[in-house]
Amino acid sequence: ISTFCCYCVYHSSWIRSVNGSIPMLLFFASVTLFLVNTVSVAAVIALAEKKRLWRVWHEGFLWTASHHLVGAGVAAVFHMENRYLGWEAAVLTIPIIYFVYRSYSLHLDRLEGARKHAQQMGDLHWRTIEALALAIDAKDETTHSHLLRVKVYATEISKELNLAEAEMQAIQAAALLHDIGKLAVPEYIISKPGKLTPEEFEKMKVHPVVGAEILERVRFPYPVVPIVRSHHEKWNGKGYPDGLQGEEIPIGARILAAVDCLDALASDRQYRRALPLDKAMAVVAAESGISFDPKIVNILQRRYLELERMATSIPSSGEPKLSKNVVFAAGEGPGSGYAESRASLPSTMPIDFVVSIAAARREFQSLIKVIEELGSSLSVDETLSLLTVRLKRMVPHDMAAIFVRDGKRLFPTYVTGEDTRWFNRHEILVGEGLTGWVVENRKPIVNGNPAVEPGYPEAKQGGSLRSAISIPLEADGDVIGALTLYSTGVNAFTNDHLRILLGISPKAGLTLANALKHQQTAASAATDDLTGLANAKSLFVHLEGEVKRAEENGATLAVLLVDLDGFKNVNDQFGHFRGNHVLQRVSERLRESCRESDYVARIGGDEFVLVLPGMSEDEVDKKIEQLGAAVAETSVLECGCRILGLSAGQAIYPRDGTDAALLLAHADQRMYRMKQAHHLARQTQSVPAPAPMAEAVVY
């Protein structure tokens, strides 16, 4: 197209009528060739890269205009030689043309080499920026993905505002590096799962200044430093560190402030749960003209869903996490030795020294009493109940929860006080919520926000608790759980309260560990290893207690002894491993078929006993039918046919006996009579053969 346009201009009768000289014709033709060719290519690039046409053409093609004019001059020389000296002389010009071509090629090669070097340096530059961003991630693990998302949002908004290329590059770099100043902020402040104190917030406010000072040394070729320094400034001038307002704030910082706030609100943080994106956008919109530039907020409101899709579609880089928690076997201790590993916080001294001495004496006596009492019990419930009752006097609270660690999970073992229903039914992952953070980091928290605990609602949704204090409980060098006290008051706990809890935590942790071991040992001695049901020993103890209770209350008590018909056939045809599996499934069905007050035990082989308080004889008959159906269903599911049946015998207190032995004896006699009846019935009718093992069930 450009060649055709060049031809048309050269042979244009209008141009020839104005000035038909060869140099002028070649000049207009070369200009036409240059414009048509470069503008069309620049337009394609501008559309593909979403840049302005003038900028692409001016930066990428304008410099080639001189080459077109030189080419026109060479063409004029060649034409004149051919016309006046003959084609032989014109041919002699070819080496000159080749020399020009070769020189131009070498020049382009050098330019290409310089371009590749610049590209490599640019890539190195961005890898350095990403490494610095990874350094921030080493301090605050919630930051890295946040930085990448902010970069996407900020880049797209800067494109819509048609900012200069240098400004856009500055915004992209600042999006990754704006939190680098947090390296100067203590980690306990950054990761604190609760509101910051005024002193802690003052320390947090240094991070934009420190970040700007760090990046000042890099000497970026575009204005990154002003953006990083001002990204916490507010439109109304009430931000920090310089109190800039309105247009005084760099445009990049204004973009970053709005985008940073939106993504932070929509992300989980230690001190609160994430808001839905729509609600987060509504919060940002409410700050338009107050904290944020209205022009930028308008763009966000219009495009935030689109930008969110773009941010979430970024593929994972697959970069490994930093090895911050690796434990090395090699390496001796420091030359000066180790300090005692124990957390402590300073406490304020009361003005009146007499009051101080009296308070210290009472505190000491209370601690001694708690520690002595903790060592006198091996019951988990008794230990934890005693601990919380004693603590109520020294550390006032509205709810107490003691969590026990099991691998990566924390279970609420003892909960008392306000809103216990929320905590009794929720387990917590280590590292999750306030208590999970305490266990993972082995650090206490004072006046944390209870709303970050999994399952507990925020205040506006019905939660009444406003502050919490939590300490890890350790034993034998491991964290076995956490003690967390909650209050309905705001900032209800002090460093003195923390000191008291830290004073009893070693003894509380050791006592809890011993109680848990005792409970586990007692449970293993009273349960059947295969099914997890109570064994014969614990059955007699429980049954005697139920008989006494029924006698005192004048109530009935049913004892049901059941035996599995055909269980020997299961072992013979499918093997003992399958037989054990069937016993486990039958045990589960028996337990599921009973009430919470009922008691199920395995007394040996395929015989089970059910203790059913308050159940009448008619109700027991219905229960036998229900259990028989459950066993038949289990037989079909596990063996492929109804190879199993159920024989049961019942005994009712006080009709059949007034002690445990008599009740079990009557139930056993009736069970064997039913078993014999079932045996006779099977002999008089044909029994279908069981299905092959491969068709019965697939594991």
Side-chain angles (χ1 to χ4, degrees), residues 1-2 5 31-68 107-130 133 147-178 220-224 226-227 250-256 258-260 262-263 293 295-296 298-317:
I1 294 173
S2 58
C5 293
V31 170
T32 302
L33 179 70
F34 165 71
L35 290 176
V36 175
N37 191 25
T38 59
V39 171
S40 60
V41 175
V44 173
I45 295 174
L47 289 173
E49 298 185 0
K50 296 181 180 179
K51 296 181 179 179
R52 287 188 291 183
L53 173 61
W54 165 254
R55 181 184 299 173
V56 174
W57 181 81
H58 184 269
E59 295 177 356
F61 296 96
L62 182 59
W63 63 276
T64 63
S66 59
H67 301 142
H68 286 76
H107 174 65
L108 289 181
D109 288 343
R110 285 195 295 271
L111 288 177
E112 181 64 18
R115 188 193 67 79
K116 288 183 178 179
H117 178 69
Q119 181 67 35
Q120 291 172 351
M121 295 304 295
D123 293 342
L124 176 63
H125 173 73
W126 277 106
R127 287 197 299 272
T128 303
I129 291 176
E130 291 173 354
L147 297 179
L148 296 177
R149 292 161 58 83
V150 168
K151 178 185 174 184
V152 172
Y153 272 74
T155 300
E156 293 302 315
I157 292 176
S158 61
K159 287 180 181 178
E160 181 159 339
L161 293 173
N162 291 322
L163 300 183
E165 185 68 24
E167 191 73 44
M168 289 181 60
Q169 290 182 333
I171 290 173
Q172 291 174 348
L176 293 177
L177 299 176
H178 67 277
F220 286 94
Y222 30 78
V224 177
I227 298 176
I251 181 64
R254 281 180 267 152
I255 294 174
L256 204 57
V259 170
D260 188 27
L262 175 63
D263 193 71
D293 185 344
K295 175 174 59 178
I296 294 169
N298 289 337
I299 296 175
L300 266 180
Q301 282 184 293
R302 179 164 38 87
R303 298 188 57 191
Y304 74 96
L305 294 176
E306 172 195 352
L307 298 179
E308 177 66 14
R309 286 193 294 269
M310 295 175 64
T312 53
S313 65
I314 299 176
S316 175
S317 62

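These numbers come from a predicted model, not from an experiment. Numbers here simply count residues along the sequence, with the first being 1.
- Once rounded to the nearest 0.5 Å, the distance linking CG of Leu307 with CD1 of Ile157 reads 6.0 Å.
- Of all non-hydrogen atoms in Val56 and Phe61, the two that sit nearest each other are O-CD1, 3.9 Å.
- Rounding to the nearest 0.5 angstrom, the gap separating the CG atom in Leu300 from the OH atom in Tyr153 is 7.5 Å.
- Remark: side-chain polar atoms of His178 are paired, donor with acceptor, to backbone N or O of Ala174 under 3.5 angstrom.
- For the side-chain hydrogen bond (donor to acceptor under 3.5 Å, both in side chains) condition, the pairs that include at least one residue of residues 31-40, sequence neighbours left out, are Thr38-Trp57.
- Smallest separation of non-hydrogen atoms from Glu167 and Pro223: OE1-CG, 4.1 Å.
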task: Go through Val259 and Tyr304 one step at a time and tell me if the side-chain contact (heavy atoms from CB on, under 4.5 Å) criterion holds.
output: CA-CA 10 Å; Val259 170; Tyr304 74 96; over 6 Å; no
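- Under the side chain to side chain contact (heavy atoms under 4.5 Å, CB included) criterion, Ala253 pairs with Ile227, Ser230, Ile249, Pro250, sequence neighbours left out.
- Every residue meeting the side-chain hydrogen bond (donor to acceptor under 3.5 Å, both in side chains) condition with Glu160, not counting sequence neighbours, appears here in chain and number order: Arg302, Arg303.
- Here CD1 of Ile255 is found 5.5 Å from OG of Ser158. Values are rounded to the nearest 0.5 Å.
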message: For His68 and Leu33: C-alpha separation, side-chain torsions, deciding distance, then whether side-chain contact (heavy atoms from CB on, under 4.5 Å) applies.
response: CA-CA 8 Å; His68 286 76; Leu33 179 70; 4.1 Å; yes
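- For Gln172, the side-chain hydrogen bond (donor to acceptor under 3.5 Å, both in side chains) criterion is met by no residue, not counting sequence neighbours.
- Applying the side chain to side chain contact (heavy atoms under 4.5 Å, CB included) rule to Leu47 yields no partners; only residues at least two apart in sequence or on another chain are considered.
- Residues Ser66 and Trp63 come closest through the heavy atom pair OG-O, 3.7 Å.
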field: CA sep, side-chain torsions, deciding dist, call: Met168, Ile171, side-chain contact (heavy atoms from CB on, under 4.5 Å)
entry: CA-CA 5 Å; Met168 289 181 60; Ile171 290 173; 5.7 Å; no
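- Here CZ of Arg254 is found 9.0 Å from CG of Leu161. Values are rounded to the nearest 0.5 Å.
- Remark: Leu262 CG to Ile296 CD1 distance equals 13.0 Å, nearest 0.5 Å.
- A salt bridge does not link Arg309 to Glu306: none of the charged side-chain nitrogens sits closer than 4.0 Å to a carboxylate oxygen.
- Counting heavy atoms of neighbouring residues, nucleotides and ligands inside a 6.0 Å radius, atom CG of Leu111 exceeds 12 of them.
- A donor atom on one side chain and an acceptor atom on the other are not found under 3.5 Å apart for Tyr222 and Glu165.
- The side chain to side chain contact (heavy atoms under 4.5 Å, CB included) check on Ala175 picks up Val150, Lys151, Leu256, with sequence neighbours excluded.
- A distance of 8.0 Å separates CD in Glu112 from CG in Asp109, rounded to the nearest 0.5 Å.
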